[in-house]
Protein chains: 2
Amino acid sequence: MPPMPEPTNPQVRRTRRLMLEAAHRLLSEHGPAAVTHLRIAEEAGVSRATVYRHWPDRGSILLDLLRRGTELRIASPPPETDLVTQVTILLRSFAAILSGEGGRTLAAMVGLAEWDEDVSAALRQMATIGPGMLADLLRRGVAGGELDPSVDVPLLVDRLIGPLYLRRLLYHEPFDDEEVDRLVAATLGPSLRPT
Amino acid sequence: MPPMPEPTNPQVRRTRRLMLEAAHRLLSEHGPAAVTHLRIAEEAGVSRATVYRHWPDRGSILLDLLRRGTELRIASPPPETDLVTQVTILLRSFAAILSGEGGRTLAAMVGLAEWDEDVSAALRQMATIGPGMLADLLRRGVAGGELDPSVDVPLLVDRLIGPLYLRRLLYHEPFDDEEVDRLVAATLGPSLRPT
DNA sequence: GCCATATGATACAACATGTCTCATTCAAGA
DNA sequence: TCTTGAATGAGACATGTTGTATCATATGGC
């Protein structure tokens, strides 16, 4: 189920952009239930028939939206710095994404993924990119002797990012940079090896 | 916004029970969008008008359902055991709840809370009971000298339960007892004081 | 400028929603 | 047991939504 290819026809590109922007506004302001063909047509100033031509059913609209909303640009931390710095930069980047529009998109996906296999697959895919980068970082730390070789890397990844997602999804509270630092210090600290 | 009081009239109790069971089935099997007056009436073998009489709008049905679904019975760990054992018992209890129906209810709430103030309040309330018990436990540990007094208790709570929620909501993967043990050892271990 | 294609406007049936009315059934007290 | 008020069932009704179809118009690529 590959994402829809970008059309070349400028007319199509225009209406498509208008509809996607409208759909995104609706999702962000009123939730997934508000993302319907009718409301997108009204918001985008486009005929309802046109919306149906682009997406035959509601599910495909949402999936398109969610996939676009999760095309995250995570900053790659500078490789020449030490492990703690790199992990901190990465986690701060996650926290920033969760604080913004990414948090809403994620919440919507979590609620839909439970009953929609496509959304579930998209969520799983999205949720492996960031953690995957973090896991790579930690494995390099183990290989480079900065990290205790006995650490359980997958568990350590979850221990580092779990609190971020918990705060955002359940408490709707931000995780600021200073708290990320304390999280990294407390979680990563005990497994560090003196260089 | 207190939860609806239990009616005394046996006829009312019966229809109410039938409708709630039907609504719960719909939520569990098809998600929040399927919880409508019409479908509850069909599922419960009850007139549509009756469903409207009990809940004037869709939101109140969902809120009722979610509040019932989150009336968690968390086992209080035996107070005479050591801190690690008590925390482990509590976290295993959380993990078990998340593995069952509670996980679906939670996912639904996370998705709805973003755009519904009532659901958000219910989620926040629910999400403070368990963590509150854990925080009490940890504070007692600090007071009793089992735990380093410099620990950040709220952050430690999030570091202990965050991974559990992350696994359930984002990866749809279970967190078994053995992994809870490793989580507790890794997260709580470095802050323990020799008795 | 021509032609294929996308869009707009509209019609339509099917279904869902919310409100209402009235007959029937039920529970509880006299 | 009888009576009465409340709850329910059945259905009518207006309104809105969904999904599909048709045809005229507008647009882009050649």
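Labels below follow one simple rule: chain letters A, B, ... track the order of the sequence lines, proteins then strands, and each chain is numbered from 1.
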May I ask you to decide if [Y]'s main-chain N or O and [X]'s side chain share a donor-acceptor pair within less than 3.5 Å?
{"X": "B/H172", "Y": "A/R124", "value": "no"}
{"X": "B/R48", "Y": "B/A41", "value": "no"}
{"X": "A/Q86", "Y": "A/T81", "value": "yes"}
{"X": "B/R104", "Y": "A/E114", "value": "yes"}

Closest to side chain of [X], choosing from [options]:
{"X": "B/A49", "options": "D/dG11, C/dA6, D/dA21", "answer": "D/dG11"}
{"X": "A/R48", "options": "C/dG8, C/dA6, C/dC12", "answer": "C/dC12"}
{"X": "B/R53", "options": "C/dA9, C/dT21, D/dG29", "answer": "C/dT21"}

5′-ward residue of the pair A/E42/B/R14 relative to DNA chain D: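 Its nearest nucleotide lies further toward 5', so the answer is B/R14.
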
Phosphate oxygens OP1/OP2 of C/dA6: is one of them under 4.0 Å from a side-chain N or O of A/H54?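 No, no such contact exists.
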
Below the 4.0 Å mark, does C/dT7 have OP1 or OP2 next to a side-chain nitrogen or oxygen of A/S47?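 Result: no.
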
Have a look at B/P56 and say if it touches a base, only the backbone sugar-phosphate, or nothing, with a 4.0 Å heavy-atom cut-off.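 Counting heavy atoms under 4.0 Å across all strands, no contact is made by B/P56.
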
May I ask you to say what A/R58 touches in the nucleic acid, namely base, sugar-phosphate or nothing, with a heavy-atom cut-off under 4.0 Å?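 Nothing: the residue A/R58, judged by heavy atoms under 4.0 Å, touches no strand.
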
For the pair A/R17 and A/E21, evaluate salt bridge (Lys or Arg N to Asp or Glu O under 4.0 Å) and give the outcome as yes or no after the intermediate values. CA-CA 6 Å; A/R17 179 179 55 80; A/E21 285 171 1; 3.4 Å; yes

As a quick check of understanding, evaluate salt bridge (Lys or Arg N to Asp or Glu O under 4.0 Å) for A/E179 and A/R167, giving each step before the final call. CA-CA 12 Å; A/E179 203 160 18; A/R167 284 276 181 89; 3.0 Å; yes

Those residues of residues 20-40 of chain A lying under 4.0 Å from DNA chain C by at least one heavy atom: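 By residue number: none to list.
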
Measure the distance from [atom1] on [X] to [atom2] on [N] and round it to the nearest whole Å.
{"X": "A/R13", "N": "D/dG29", "atom1": "CZ", "atom2": "C1'", "result": "15 Å"}
{"X": "B/Y52", "N": "C/dT19", "atom1": "OH", "atom2": "P", "result": "8 Å"}
{"X": "B/M19", "N": "D/dG9", "atom1": "CE", "atom2": "C1'", "result": "13 Å"}
{"X": "A/D57", "N": "D/dT17", "atom1": "CG", "atom2": "P", "result": "19 Å"}
{"X": "B/Q11", "N": "C/dA28", "atom1": "CD", "atom2": "P", "result": "10 Å"}

Judged by modelled atom types alone, do B/T36 and B/R58 share a side-chain donor-acceptor pair under 3.5 Å?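 Per modelled atom types, B/T36 and B/R58 side chains form no pair under 3.5 Å.
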
